[in-house]
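Input: a single structure, listed below in structure tokens.
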Amino acid sequence: MPLVHISLRAGKPEAYRQAIFDGVYQALQDTFDVPEDDQFMAITEHEAANFRYGKSYLDVARSDDVVYIQITANNTRSTEQKKALFKRLADLLSEQPGIRREDVFINLVEVAKENWSLGNGIAHYA
């Protein structure tokens with residue numbers, strides 16, 4: 001049950017943003033075994049003055065097209081699955097909508113399964 005927050009600079013067309021959603025969801029299905037219709041994602045766009053990044057931190061040459069992808073998920077995945085997710089996401093987003101691999105910034109936040117309520121005030125995984 002991942003929850004995904006995506007941040008990017010404002011100005012990209014709807015098709016670009018939808019391709020990001022599609023790529024993220026496909027990568028989660030491929031590597032984290034996320035089931036059909038488990039899509040809880042939001043994109044936030046920021047004006048240039050409200051969006052900052054390290055242009056060369058850790059020797060990665062980022063551009064103004066950097067996209068931050070924060071995924072909150074259960075703490076049940078192996079290191080191998082996490083690495084596979086990161087690679088698959090960079091691969092898919094470089095294909096469509098054409099984001100440079102260097103500009104795919106991913107942060108995985110792991111939580112205990114009992115920390116979710118998906119509606120109706122029910123702890124669905126507790």
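Because the structure is a prediction, the values reported are computed rather than measured.
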*Taking 4.0 angstrom as the limit, do Lys82 and Glu110 come out as a salt bridge?*
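Result for this pair is yes, salt bridge flagged.
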*asked:* Under the rule for side-chain contact (heavy atoms from CB on, under 4.5 Å), what residues qualify as partners of Ser78, not counting sequence neighbours?
replied: Glu80, Gln81
Does any part of the side chain of [Y], heavy atoms only, come nearer than 4.5 Å to the side chain of [X], both counted from C-beta?
| X | Y | result |
| --- | --- | --- |
| Ile6 | Val24 | yes |
| Leu3 | His5 | yes |
| Val104 | Ser94 | no |
| Phe40 | Pro2 | no |

*Check ring pair (Phe, Tyr, Trp, His ring centres under 6.0 Å) between Phe21 and all other residues, then give those that pass, not counting sequence neighbours.*
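In terms of ring pair (Phe, Tyr, Trp, His ring centres under 6.0 Å), with neighbours along the sequence ignored, Phe21 is linked to no residue.
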*By ring pair (Phe, Tyr, Trp, His ring centres under 6.0 Å), which residues pair with Phe105, not counting sequence neighbours?*
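Testing Phe105 for ring pair (Phe, Tyr, Trp, His ring centres under 6.0 Å), a comparison that skips the adjacent residues, returns Tyr68.
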Residues two or more places apart in sequence or in another chain: which of them pass salt bridge (charged side-chain N to carboxylate O under 4.0 Å, His left out) with [X]?
| X | result |
| --- | --- |
| Arg77 | none |
| Asp65 | Lys12 |
| Arg100 | Glu102, Asp103 |

_Quiz question: by atom type and distance under 3.5 Å, do the side chains of Gln26 and Asp30 form a donor-acceptor pair?_
yes
*Say you draw a straight line from CZ of Arg101 to CG of Leu93; how long is it, rounded to the nearest 0.5 Å?*
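The distance works out to 10.0 Å.
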*Set of residues satisfying side-chain hydrogen bond (donor to acceptor under 3.5 Å, both in side chains) with respect to Gln70, sequence neighbours excluded*: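 With neighbours one apart ignored, the set is Asn107.
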*Residues in side-chain hydrogen bond (donor to acceptor under 3.5 Å, both in side chains) with Lys83, at least two apart?*
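None.
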Can I get a per-line list of side-chain donor-acceptor pairs under 3.5 Å for residues 31-38, giving both atom names and the distance, sequence neighbours left out?
residue: Thr31; atom: OG1; partner: Ala27; partner atom: O; Å: 2.7
residue: Glu36; atom: OE1; partner: Gln29; partner atom: NE2; Å: 3.3

*Which pairs, with at least one residue in residues 70-91 and sequence neighbours excluded, count as a ring-ring contact (aromatic ring centres under 6.0 Å, His included)?*
none
*asked:* Enumerate the side-chain hydrogen bond (donor to acceptor under 3.5 Å, both in side chains) contacts for residues 43-55, please, sequence neighbours excluded, ordered by first and then second residue.
replied: Tyr53-Lys55, Tyr53-Asp64
*Considering non-hydrogen atoms only, spot the tightest contact between Ala73 and Leu108 and give its length.*
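Heavy atoms of Ala73 and Leu108 come nearest at CB-CD1, 4.2 Å.
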Can you list, pair by pair, the side-chain donor-acceptor contacts under 3.5 Å of residues 111-126, counting residues two or more places apart and other chains?
residue: Trp116; atom: NE1; partner: Asn74; partner atom: OD1; Å: 2.6
residue: Ser117; atom: OG; partner: Ile122; partner atom: N; Å: 3.4
residue: Ser117; atom: OG; partner: Ile122; partner atom: O; Å: 2.9
residue: His124; atom: ND1; partner: Leu118; partner atom: N; Å: 3.1
residue: His124; atom: ND1; partner: Ile122; partner atom: O; Å: 3.0

